[in-house]
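Working notes, beginning with the structure itself.
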Amino acid sequence: MIPVHNFIAVYGELERTSSNKGTKTEATQLTQIMESVAEVIAEEINRLFCCISRMNSNGCIQAWVDINCLSYALHPYLNKSSKDYIG
């Protein structure tokens with residue numbers, strides 16, 4: 001899944017470029033940024049699925065699997081708003 005890969009890449013880049021390594025401030029900033037990124041991903045996934053006008057039963061199963069995998073992968077950074085988008 002591309003969104004999960006991109007999410008991991010953003011996390012890695014933030015971790016690599018952080019100047020406050022290991023501090024509570026860094027952890028808080030990282031969490032806030034990743035929550036924002038997770039919300040954007042959840043909003044975009046919701047928008048994409050809402051654009052589907054018709055789906056067969058196999059498509060419904062695949063969508064359910066994709067959304068649940070995404071929820072599981074982003075779980076530590078999902079806030080109420082992002083949970084509403086993919087929940």
Side-chain angles (χ1 to χ4, degrees):
M1 289 185 72
I2 300 297
V4 174
H5 179 267
N6 291 342
F7 188 78
I8 293 168
V10 168
Y11 183 90
E13 190 67 22
L14 287 170
E15 182 85 8
R16 187 180 69 79
T17 59
S18 176
S19 61
N20 302 328
K21 292 206 185 296
T23 66
K24 187 172 176 104
T25 303
E26 188 248 350
T28 303
Q29 290 172 340
L30 183 65
T31 300
Q32 289 173 344
I33 293 168
M34 295 311 290
E35 283 178 355
S36 296
V37 173
E39 186 173 344
V40 169
I41 291 171
E43 183 178 5
E44 182 64 13
I45 294 297
N46 178 279
R47 187 190 67 77
L48 290 172
F49 278 109
C50 286
C51 290
I52 299 170
S53 60
R54 192 169 152 229
M55 189 183 303
N56 64 21
S57 61
N58 289 335
C60 290
I61 293 168
Q62 186 64 54
W64 182 85
V65 169
D66 290 347
I67 290 171
N68 280 298
C69 288
L70 188 62
S71 293
Y72 184 77
L74 301 180
H75 180 73
Y77 299 105
L78 293 179
N79 57 24
K80 182 181 177 349
S81 180
S82 54
K83 285 179 184 176
D84 289 344
Y85 282 123
I86 60 176

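- In this structure, Y11 OH and Y77 OH are separated by 4.5 Å, a value rounded to the nearest 0.5 Å.
- Under the rule for a side-chain contact (heavy atoms from CB on, under 4.5 Å), the partners of E43 that lie at least two apart in sequence or sit in another chain are Y85.
- Within the model, atoms CD1 of I45 and CG of L74 stand 9.0 Å from one another, a figure rounded to the nearest 0.5 Å.
- Smallest separation of non-hydrogen atoms from S71 and L78: O-CD1, 3.8 Å.
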With a cut-off of 3.5 Å and sequence neighbours excluded, list every side-chain donor-acceptor pair involving residues 31-41.
residue : atom : partner : partner atom : Å
T31     : OG1  : A27     : O            : 2.8
S36     : OG   : Q32     : O            : 3.2
E39     : OE1  : N79     : ND2          : 3.3
E39     : OE2  : S81     : OG           : 3.0

Just list the side-chain donor-acceptor pairs under 3.5 Å for residues 53-61, sequence neighbours left out, or say none.
residue : atom : partner : partner atom : Å
N56     : OD1  : N58     : N            : 3.2
N56     : OD1  : G59     : N            : 2.7

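- For residues 22-72, no residue pair satisfies the ring pair (Phe, Tyr, Trp, His ring centres under 6.0 Å) rule, not counting sequence neighbours.
- The two residues A42 and S82 come nearest to each other via the heavy atoms CB-O, 3.6 Å.
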